[in-house]
A.B. asks: 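Here you go, one structure.
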There are 2 protein chains.
Amino acid sequence: MAQTDTVTRILDTAEVLFAERGFAETSLRNITSKAKVNLAAVNYHFGSKKALIQAVFARYLDPFTERFHAALDGLEAEYGNEVIPLEILLETMARCVLEVPAERNSLKVFMKLLGLAYSQAQGHLRRYIQEHYGSVFTRFTGLVRRATPELPDAERFWRLHFMLGTVIFTLSGLDALRDIAEKDYGEHVSVRELIRRLRPVVVSSMQAPLPATVDDVLPAAG
Amino acid sequence: MAQTDTVTRILDTAEVLFAERGFAETSLRNITSKAKVNLAAVNYHFGSKKALIQAVFARYLDPFTERFHAALDGLEAEYGNEVIPLEILLETMARCVLEVPAERNSLKVFMKLLGLAYSQAQGHLRRYIQEHYGSVFTRFTGLVRRATPELPDAERFWRLHFMLGTVIFTLSGLDALRDIAEKDYGEHVSVRELIRRLRPVVVSSMQAPLPATVDDVLPAAG
DNA sequence: ACTGGCTATAAACGATTGTTTTAAACATCA
DNA sequence: TGATGTTTAAAACAATCGTTTATAGCCAGT
């Protein structure tokens with residue numbers, strides 16, 4: 001089938017170029033010429049550039065959500081009515097994130113796309129992701145809520161997003177950071193290495209003491 | 001002087017539009033029409049779009065670095081040969097970040113621009129920032145090093161970037177997150193409120209236990 | 001009053017964008 | 001085999017991009 005081949009080749013090329021240069025900076029001609037397919041093939045198979053972008057995300061997020069739901073099913077079955085510990089929840093999510101792109105390109109591309117979805121995308125992408133994949137996140141946060149009863153709801157909400165920021169920011173800017181780290185510390189940094197470093201930091205973030213309630217945020221000055 | 005007025009009006013408009021939609025998605029015509037100046041004025045006063053982008057950053061970063069250097073001078077004078085505690089260093093940086101944009105637009109724009117500098121900008125911006133403002137960061141990390149002698153250099157490097165990710169990601173995506181938070185928790189979220197929440201999390205991140213050295217990152221699976 | 005140096009304006013430049021159209025090549029099924 | 005519907009190919013579409021040019025206006029200094 002030349003059809004599936006063309007579609008796949010477009011997606012494979014598009015996700016790499018999008019991750020490298022962003023959506024607006026990547027033209028359809030960049031994609032089609034590198035993918036060795038015709039320019040019109042994009043609009044024929046996907047309808048528009050926006051739809052292509054969404055398809056790129058769907059190819060990552062569909063298997064991820066499926067896997068993540070299954071993993072959470074397994075955890076809930078295993079723990080029954082008991083509370084699933086926070087570390088287990090976080091590791092489960094991490095494992096699902098890691099496993100999905102391993103079949104395809106690289107985790108770096110996946111995280112870079114996620115970062116773009118937040119920083120770029122003046123609307124349609126965020127709306128698309130929210131609509132199609134919001135339920136998994138809701139389910140996950142519900143389990144995290146049971147695992148962290150000491151946190152007020154708003155506090156937990158923000159800390160989860162702090163955590164998201166740490167992970168996405170680091171892994172999406174990995175190339176630039178890796179260059180600096182290697183130059184300064186001579187140490188080669190793999191993604192798994194980075195996740196090993198992320199683990200205690202993320203857990204500590206979630207378990208940090210509650211912020212001061214009333215007093216000034218920046219008390220000292222002189 | 002209509003000259004300064006035009007330059008300022010271009011910068012004021014450009015930084016808002018850049019922050020809202022990114023660099024590539026913001027055309028010079030968008031800027032000049034909203035700023036009510038002639039299209040050619042951008043290339044006349046700044047030379048190119050790239051130079052305009054850099055000028056937008058310089059208008060934030062120049063006063064910030066000046067202020068930050070001064071604040072660090074004050075701390076070093078105050079503490080002499082003693083080690084400046086980590087919390088003091090972090091708070092000092094936070095205060096400098098907060099004070100600069102208060103004179104101008106909003107912290108949100110500033111953070112959004114910083115986020116864009118990392119996620120977009122396939123080169124020239126990152127290089128520009130590194131060249132012009134890298135020394136402040138180097139000085140700061142040197143002080144952080146003395147404040148956290150228990151951390152290996154590489155570990156501290158990464159944790160500082162984790163921290164950066166948390167802050168930039170959260171504050172640059174503030175609008176979208178604020179909508180969700182207000183809808184779900186009814187609570188209005190100001191920037192200062194958010195920084196109050198960020199403080200214990202960031203400190204805990206830096207003080208987290210060191211990662212496991214050898215064993216598997218994701219041990220359990222079944 | 002007039003010249004010289006800036007700045008503002010309008011128009012046009014060539015290049016590139018996403019998308020559409022037209023025609024040819026292909027596969028599939030009666 | 002011949003007809004039908006699908007995929008590719010090349011060209012053209014109108015729109016928009018950053019940039020440049022040519023012209024007009026302004027405010028000094030002599």
Side-chain angles (χ1 to χ4, degrees), chain A residues 1-59 113 116-117 120-125 127-128, chain B residues 1-59 113 116-117 120-125 127-128:
Chain A
M1 286 185 196
Q3 160 213 6
T4 301
D5 204 41
T6 298
V7 169
T8 304
R9 217 157 47 206
I10 290 175
L11 287 173
D12 287 343
T13 311
E15 72 176 25
V16 172
L17 291 181
F18 284 154
E20 283 177 357
R21 328 200 272 222
F23 304 125
E25 294 87 347
T26 303
S27 70
L28 295 184
R29 285 171 176 82
N30 290 149
I31 297 170
T32 54
S33 69
K34 185 171 183 183
K36 290 190 172 53
V37 302
N38 190 267
L39 169 62
V42 172
N43 282 279
Y44 177 79
H45 286 290
F46 297 96
S48 67
K49 188 182 181 180
K50 278 186 185 177
L52 170 63
I53 294 174
Q54 294 175 357
V56 166
F57 275 84
R59 203 167 58 141
L113 290 174
L116 288 177
Q120 300 203 22
Q122 58 279 44
H124 79 98
L125 224 194
R127 240 176 294 123
Y128 174 83
Chain B
M1 286 184 197
Q3 159 213 5
T4 302
D5 205 40
T6 298
V7 169
T8 304
R9 216 156 48 207
I10 290 175
L11 287 173
D12 287 344
T13 311
E15 72 177 24
V16 172
L17 291 182
F18 284 154
E20 283 177 358
R21 331 202 270 222
F23 304 124
E25 294 86 348
T26 303
S27 70
L28 294 184
R29 287 171 176 81
N30 287 337
I31 297 170
T32 54
S33 69
K34 186 170 183 183
K36 290 190 173 52
V37 301
N38 190 270
L39 168 62
V42 171
N43 281 279
Y44 177 78
H45 286 289
F46 296 95
S48 68
K49 188 182 181 180
K50 279 186 184 177
L52 170 63
I53 294 174
Q54 294 174 357
V56 166
F57 274 84
R59 202 166 60 141
L113 290 174
L116 287 178
Q120 300 202 21
Q122 59 279 44
H124 79 97
L125 225 196
R127 240 177 294 125
Y128 174 83

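Letters go in sequence order (proteins before strands), and every chain restarts at 1.
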A.B. asks: Side-chain contact, heavy-atom cut-off 4.5 Å: A:Leu11 with A:His45?
C.D. replies: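 No; the side chains remain at least 4.5 Å from each other.
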A.B. asks: Rounded to the nearest Å, what distance is computed from the CZ atom of residue A:Phe46 to the C1' atom of nucleotide D:dT7?
C.D. replies: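 These atoms are roughly 14 Å apart.
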A.B. asks: My understanding is that only residues two or more places apart in sequence, or in another chain, count here; which of them pass side-chain contact (heavy atoms from CB on, under 4.5 Å) with A:Ser48?
C.D. replies: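 Testing A:Ser48 for side-chain contact (heavy atoms from CB on, under 4.5 Å), a comparison that skips the adjacent residues, returns A:Lys50, A:Ala51.
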A.B. asks: Measure CG/B:Leu17 against P/D:dC17 and give the value in whole Å, please.
C.D. replies: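 About 12 Å, once rounded to whole Å.
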A.B. asks: Do B:Tyr44 and B:Asn38 come close enough that some side-chain heavy atom pair is under 4.5 Å?
C.D. replies: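 No, side chains not in contact.
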A.B. asks: Not counting sequence neighbours, which residues clear side-chain hydrogen bond (donor to acceptor under 3.5 Å, both in side chains) with B:Asn30? List them please.
C.D. replies: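 With sequence neighbours excluded, B:Asn30 shows a side-chain hydrogen bond (donor to acceptor under 3.5 Å, both in side chains) to B:Ser27, given in chain and number order.
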A.B. asks: Counting only side-chain N and O atoms of B:Thr6, is one of them less than 4.0 Å from OP1 or OP2 of C:dA8?
C.D. replies: yes
A.B. asks: Please work out which of the three classes, parallel, tilted or perpendicular, describes the rings of B:Phe57 and B:Phe23, given edges at 30° and 60°.
C.D. replies: tilted
A.B. asks: Given salt bridge (Lys or Arg N to Asp or Glu O under 4.0 Å), test A:Asp12 with A:Arg59 step by step and report yes or no.
C.D. replies: CA-CA 10 Å; A:Asp12 287 343; A:Arg59 203 167 58 141; 2.8 Å; yes
A.B. asks: Can you see if the side chain of A:His45 gets near the phosphate of D:dT8 - specifically, an N or O under 4.0 Å from OP1 or OP2?
C.D. replies: yes
A.B. asks: Is the side chain of B:Thr26 donor-acceptor paired with the backbone N or O of B:Leu17 at a distance under 3.5 Å, no angle test?
C.D. replies: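 Here the side-chain-to-backbone pair exists.
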A.B. asks: Just to be sure I understand the geometry, which residues of residues 26-34 of chain A put a non-hydrogen atom under 4.0 Å away from DNA chain C?
C.D. replies: A:Thr26, A:Ser27, A:Leu28, A:Arg29
A.B. asks: Quick one: side-chain contact (heavy atoms from CB on, under 4.5 Å) partners of A:Leu39, sequence neighbours excluded?
C.D. replies: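 A:Leu39: side-chain contact (heavy atoms from CB on, under 4.5 Å) contacts with A:Leu28, A:Arg29, A:Thr32.
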A.B. asks: Is the shortest heavy-atom distance from the side chain of B:Thr13 to the side chain of B:Val37 under 4.5 Å?
C.D. replies: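 Not touching, per the 4.5 Å side-chain cut-off.
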A.B. asks: Taking all heavy atoms of A:Glu25 and all of B:Ala24, pick out the closest pair and write down the distance.
C.D. replies: OE2-CB, 3.4 Å
A.B. asks: Measure from CD on A:Glu25 to C1' on C:dG18 and round the result to the nearest Å.
C.D. replies: 15 Å
A.B. asks: Rounded at 0.5 Å granularity, tell me how far OH in A:Tyr128 sits from CD1 in A:Ile53.
C.D. replies: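 So the gap between those two atoms works out to 11.5 Å.
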A.B. asks: Please encode protein proximity along nucleotides 20-28 of chain C as a string of B, S and -, counting only heavy-atom distances under 4.0 Å.
C.D. replies: BB-------
A.B. asks: Please list, by residue number, the residues of residues 48-57 of chain A whose heavy atoms come closer than 4.0 Å to an atom of DNA chain D; answer none if no residue qualifies.
C.D. replies: none
